[in-house]
Amino acid sequence: ALPIIYAITPTYARLVQKAELVRISQTFLHVKNFHWIVVEDSPVKTQLVSELLAQSGLRFTHLHTETPKEHKRKESDPNWLKPRGVEQRNLALQWLRENRELSEEGVVYFADDDNTYSLRLFDEVGAVRFGGKEWGSAEIRSTKRVSVWPVGLVGGLRFERPLVEKGRVVGFYTAWKPNRPFPMDMAGFAIALQLLLANREARFDLLAERGYLESSLLQSLVSIEELEPRADNCTKVLVWHTRSEKPKMKQEELLQKQGLGSDPSIEV
Ligand code: UDP
Ligand code: MN
């Protein structure tokens, strides 16, 4: 059977949340054998996310856990100050460990809600659909332990990527803190479900130093030599670390002061 791809998406309420979730959910609709684990950073499951998931047409699991106050980023903090989505991703790992069996074939991918995902990443390639050679016929889904590939628009570079020689990862192209054990973005790797089920203690460290979150999980699961290069030996960018601009609400605020703000019953 085709292994299931479990995509874990932490998400939190903000003006662009629905737009982000609609965009990536409609990408995921094209992926076969896909299960979306959405974890809200919230004390409750919100109506917005509940309805969006129910109407998405995707197989999904909806969880929630609020980031502890002392770890939460304030509006005024720079975006890199605190790690984001950590407890949410860990809760999803816990859910998998409690609800899935070692005998099941699956692959786990951490899919933030604001990134941009090519279908080629998930193996829905086919020479027919996209034309050209079929280099992408087994990307994420064929992961045996941990697979890796480039991420675009990240780390102050056009892309970061693992460096591959003779089919093996021998280093990383990255500019920022290159001495990290795994100098990779969250979007640049996938993990076999069985590996996560067999290593029940492996989790993200909420207290990890900036940039070391990915390493905190991967260190207990694999070594560099074991990494499985994908995306044509890590020479293709199939995922982009895009970030949405915070929408300006100047007119909305002005109108609100006059009691003429937009209809709050209309969901955005
Ligand atoms: N996130 C969250 N709670 C927060 C901030 C972010 O759950 O307080 C989620 C967010 O929706 C995204 C992931 O964590 O799916 C990573 O956050 P973000 O994209 O802001 O991080 P960056 O891309 O800047 O590293
Ligand atoms: Mn992001």
Side-chain angles (χ1 to χ4, degrees), residues 6-28 36-46 48-50 52-53 56 58 60-95 108-118 121 150-157 159-160 174-177 180 182-190 203-217 237-247 268:
Y6 292 94
I8 295 175
T9 301
T11 186
Y12 69 111
R14 66 222 192 263
L15 280 166
V16 298
Q17 183 182 32
K18 188 175 184 184
E20 304 282 30
L21 293 174
V22 164
R23 197 187 65 248
I24 65 167
S25 70
Q26 292 182 354
T27 297
F28 296 157
W36 198 16
I37 305 180
V38 176
V39 192
E40 287 195 71
D41 184 350
S42 159
V44 295
K45 291 185 192 174
T46 65
L48 187 149
V49 175
S50 302
L52 188 143
L53 286 172
S56 69
L58 291 164
F60 67 87
T61 296
H62 185 186
L63 307 170
H64 70 94
T65 180
E66 192 175 26
T67 303
K69 283 280 173 295
E70 62 274 25
H71 292 290
K72 190 132 181 116
R73 184 160 71 91
K74 298 181 198 71
E75 187 87 8
S76 56
D77 288 344
N79 71 34
W80 45 262
L81 193 69
K82 302 253 167 66
R84 281 138 289 172
V86 183
E87 295 296 76
Q88 289 72 31
R89 296 186 191 97
N90 282 335
L91 182 64
L93 292 178
Q94 186 187 328
W95 184 88
V108 177
Y109 181 49
F110 299 100
D112 287 355
D113 61 5
D114 56 342
N115 294 338
T116 304
Y117 304 94
S118 168
L121 191 58
V151 177
L153 313 178
V154 73
L157 296 169
F159 58 83
E160 290 180 343
T174 178
W176 187 65
K177 297 193 183 179
R180 290 174 289 164
F182 292 88
M184 294 194 293
D185 186 77
M186 199 66 78
F189 61 88
R203 62 200 321 275
F204 292 105
D205 181 0
L206 189 57
L207 304 175
E209 200 188 315
R210 183 183 164 212
Y212 284 76
L213 190 62
E214 292 82 357
S215 298
S216 73
L217 176 74
V237 174
L238 301 178
V239 56
W240 295 261
H241 187 256
T242 43
R243 310 190 71 217
S244 294
E245 184 185 14
K246 188 168 184 277
V268 176

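Here the structure is a predicted model, which means the values were calculated and not measured. When a ligand or atom number is given, it counts from 1 through the structure's own listing order.
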*asked:* Can you list everything that forms a side-chain hydrogen bond (donor to acceptor under 3.5 Å, both in side chains) with Thr46? Sequence neighbours excluded, please.
replied: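 Checked Thr46 against side-chain hydrogen bond (donor to acceptor under 3.5 Å, both in side chains); matches are Glu40.
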Taking only residues two or more places apart in sequence, or in another chain, which ones meet Gln94 in a side-chain hydrogen bond (donor to acceptor under 3.5 Å, both in side chains)?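 Once residues adjacent in sequence are excluded, the partners of Gln94 under the side-chain hydrogen bond (donor to acceptor under 3.5 Å, both in side chains) criterion are Glu98.
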From the candidates [options], the one that places a heavy atom nearest [atom]:
{"atom": "atom 18 (P) of ligand 1", "options": "Glu87, Arg84, Met186, His241", "result": "Arg84"}
{"atom": "atom 7 (O) of ligand 1", "options": "Val39, Ile8, Asp41, Val38", "result": "Asp41"}
{"atom": "atom 14 (O) of ligand 1", "options": "Ala187, Gly85, Ala111", "result": "Gly85"}

_Parallel, tilted or perpendicular: which one describes the rings of Phe28 and Trp36, with boundaries at 30° and 60°?_
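Rings of Phe28 and Trp36: perpendicular, as their planes differ by over 60°.
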* To do: Tally every protein N/O/S atom whose distance to the Mn ion (ligand 2) is less than 2.8 Å; waters are neither shown nor counted.
  =>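 Protein heteroatoms (N, O, S) closer than 2.8 Å to the Mn ion (ligand 2) number 2.
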Are Arg14 and Asp113 ion-paired here, with the side-chain N under 4.0 Å from a carboxylate O?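 Salt bridge: yes.
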For Asp114, the ligand 1 atoms whose distance to one of its heavy atoms is below 4.0 Å:
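Near Asp114, the atoms of ligand 1 are 19 (O), 23 (O).
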Quiz item: Leu93 and Phe110: side chain to side chain contact (heavy atoms under 4.5 Å, CB included), yes or no, with the steps?
Solution: CA-CA 10 Å; Leu93 292 178; Phe110 299 100; 4.0 Å; yes
Would Thr9 count as a contact residue for ligand 1, given that I'm defining contact as a non-hydrogen atom of the residue lying under 4.0 Å from a ligand atom?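 For ligand 1, residue contact (heavy atoms, under 4.0 Å) with Thr9 is absent.
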In this structure, does ligand 1 have an atom that sits under 4.0 Å from one of the heavy atoms of Thr11?
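Flag set, Thr11 near ligand 1.
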| said: Looking at every non-hydrogen atom in both residues, tell me the closest pair between Lys177 and Pro183 and how far apart they are. | reply: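 Distance-wise, the nearest heavy atoms are O-CB, 4.3 Å.
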Looking only at non-hydrogen atoms, find the nearest pair between Ala187 and Val151 and report the distance.
->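 Minimum heavy-atom contact is C-CG2, 3.7 Å.
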For the backbone of Phe182 and the side chain of Ser215, can you confirm whether one donor and one acceptor N or O come within less than 3.5 Å of each other?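 Flag set: sc Ser215 to bb Phe182 pair under 3.5 Å.
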Test of understanding: with ring-ring contact (aromatic ring centres under 6.0 Å, His included), list the residues that count as partners of Phe60, not counting sequence neighbours.
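For Phe60, no residue satisfies ring-ring contact (aromatic ring centres under 6.0 Å, His included) once neighbours in sequence are set aside.
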Heavy atom under 4.0 Å from ligand 1: found in Gln17's side chain, backbone, both, or neither?
->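 For Gln17, no heavy atom sits under 4.0 Å from ligand 1.
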